[in-house]
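Remember, it's 1-based here, ligands and their atoms both numbered in the order they're listed.
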Amino acid sequence: MAALLKQSARLGLSGRHGQVFCRLPWALSFQRYMFNANKKILVEMDKSTGVALMKMANPPVNLLNLETLTEFAISMEKLELDKDCKGLILTSSLSKVFTAGLDIMEMCGKSPEHVTEFWRAVQEMWLKLYGSNLVTIAAINGFSPGAGCLMALACDYRIMADNVKYSIGLNETQLGIVAPFWLVTRELRPSLFS
Ligand SMILES: CCCCCCC/C=C/C(=O)SCCNC(=O)CCNC(=O)[C@H](O)C(C)(C)COP(=O)(O)OP(=O)(O)OC[C@H]1O[C@@H](n2cnc3c(N)ncnc32)[C@H](O)[C@@H]1OP(=O)(O)O
C-alpha cells in the first residue's frame with residue numbers, strides 16, 4: 001500500500017486536464033495515459049506500475065451530481081477493461097474537499113424520473129467501486145461527508161490527510177436522507193452477508 005501511495009505521489013498532481021487518451025512525452029509513450037470524459041473525473045494510468053490515479057475534479061466541492069456519477073462509472077469501466085490496471089487510487093483534485101457528497105439539488109424539486117435516474121447513477125457508482133476487481137484505495141485529502149464517506153468505505157483501503165480540520169462521516173439523516181438499504185446492509189452491516 002505504501003508503494004501505491006508513493007506511486008500516487010509520483011504520478012502526483014502533474015496531470016494535464018482536458019485530454020482524452022493523450023500520451024505523455026515520447027519517453028513515457030505507452031507507459032502512461034490519461035483520460036476523462038468531461039473533465040469532472042480525471043484519470044491517469046501508469047501502465048508500468050498498473051496503478052491508476054483517479055481525481056474528482058468538480059469545483060468548488062466535488063459534488064456528486066448525475067453528470068459526475070455517470071462519468072465516474074464510465075471511468076471505472078474503462079479501467080476494469082484495461083488488463084494492465086491492477087490498482088486504483090481515488091482522490092480529489094481540490095485542496096480541502098474530497099467530496100461534499102451527493103448534490104442535494106439533484107433531489108430537490110426534480111421530477112420523479114430525474115430522481116430515479118439520479119439514484120440509479122448513485123447505485124451504479126457504488127457497485128462499480130465496491131464490486132471492483134482492482135485494489136482500491138481512497139486517499140481522502142479533505143472533507144468527506146455523506147456519500148464521500150461511503151465512497152471511501154467502498155474502497156479496500158482508506159488513508160486520510162492528517163488535518164484536524166477535515167471531517168468524515170455519515171450526516172445524511174440530518175438532511176432527511178436515508179442511506180439506501182442495499183448500501184446499509186452491504187457496507188455497514190456486512191455480517192449479514194458472511
Ligand atoms: C457511495 C454510495 C452513496 C450513497 C449515498 C447515501 C446517502 C448520502 C447522502 C449525501 O451525500 S447528502 C450530502 C452530504 N453532504 C453534506 O452535507 C455537505 C455539506 N457541505 C459542507 O459541509 C461544506 O460545503 C464543505 C464540504 C465542508 C466545504 O465547505 P466550503 O466552505 O469549502 O464550501 P461551501 O461554501 O460550504 O460550499 C460551496 C457551495 O457548494 C454548495 N454545497 C455544498 N455541499 C453541497 C451538497 N451536498 N449539495 C449541494 N450543494 C452543496 C454550497 O451550498 C455552496 O453553494 P453556494 O452558496 O456557493 O451557491
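A 4.5 Å side-chain heavy-atom check between L69 and F118 finds at least one atom pair inside the cut-off. Taking the side chain as every heavy atom from C-beta outward, C155 and I137 never approach each other to under 4.5 Å. Using a 4.5 Å heavy-atom cutoff, the side chains of M56 and I41 are in contact. Using a 4.5 Å heavy-atom threshold, the side chains of L64 and E106 count as separate.
With ligand atoms numbered from 1 in the order given, ligand 1 contributes 3 (C), 4 (C) to contacts under 4.0 Å with heavy atoms of V122. Shown in contact with L150 at under 4.0 Å from a heavy atom are these atoms of ligand 1, numbered in order with element: 1 (C), 4 (C), 5 (C), 6 (C). Heavy-atom proximity to A100, at under 4.0 Å, picks out these atoms of ligand 1: 13 (C), 14 (C), 15 (N), 16 (C), 18 (C), 26 (C), 44 (N), 47 (N). Close approach of ligand 1 to P145 is summarised as follows: ligand atoms under 4.0 Å from at least one heavy atom of the residue are 15 (N), 16 (C), 18 (C). Ligand 1 places these atoms under 4.0 Å from at least one heavy atom of N171: 14 (C), 16 (C), 17 (O). When each atom of ligand 1 is checked for a heavy atom of M125 under 4.0 Å away, the hits are 1 (C). Under a 4.0 Å criterion applied to the non-hydrogen atoms of G101, ligand 1 contributes the atoms 11 (O). Listed by atom number, the atoms of ligand 1 under 4.0 Å from L175 heavy atoms are 12 (S), 13 (C), 14 (C), 17 (O).
Distances from atom 1 (C) of ligand 1 to the heavy atoms of W126, F72, F143 show the closest one on W126. Of the candidates M107, Q174, E172, Q123, E172 brings a heavy atom nearest to atom 9 (C) of ligand 1. Looking at L102, V61, D103, L64 and measuring to atom 47 (N) of ligand 1, the nearest heavy atom belongs to L102.
With a heavy-atom cut-off of 4.0 Å, L129 does not touch ligand 1 at all.
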Where do I140 and I168 land on the side-chain contact (heavy atoms from CB on, under 4.5 Å) test, with the steps shown first?
-> CA-CA 9 Å; I140 310 155; I168 183 167; 4.0 Å; yes
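The N/O atoms of A147, backbone and side chain alike, include one that comes under 3.5 Å of an N/O atom in ligand 1. Looking at ligand 1, you won't find any N or O of V97 less than 3.5 Å from one of its N or O atoms.
Expressed to the nearest 0.5 Å, how far CG of N65 lies from CD of E71 amounts to 9.5 Å.
With respect to E124 and R120, no salt bridge is recorded, no charged nitrogen being found less than 4.0 Å from a carboxylate O.
Minimum heavy-atom separation, R158 to A152: NH1-O, 2.8 Å.
Listed by first and then second residue, the side chain to side chain donor-acceptor pair (under 3.5 Å) pairs that reach into residues 132-142 are E80-S132, T91-N141, T136-D156, sequence neighbours excluded.
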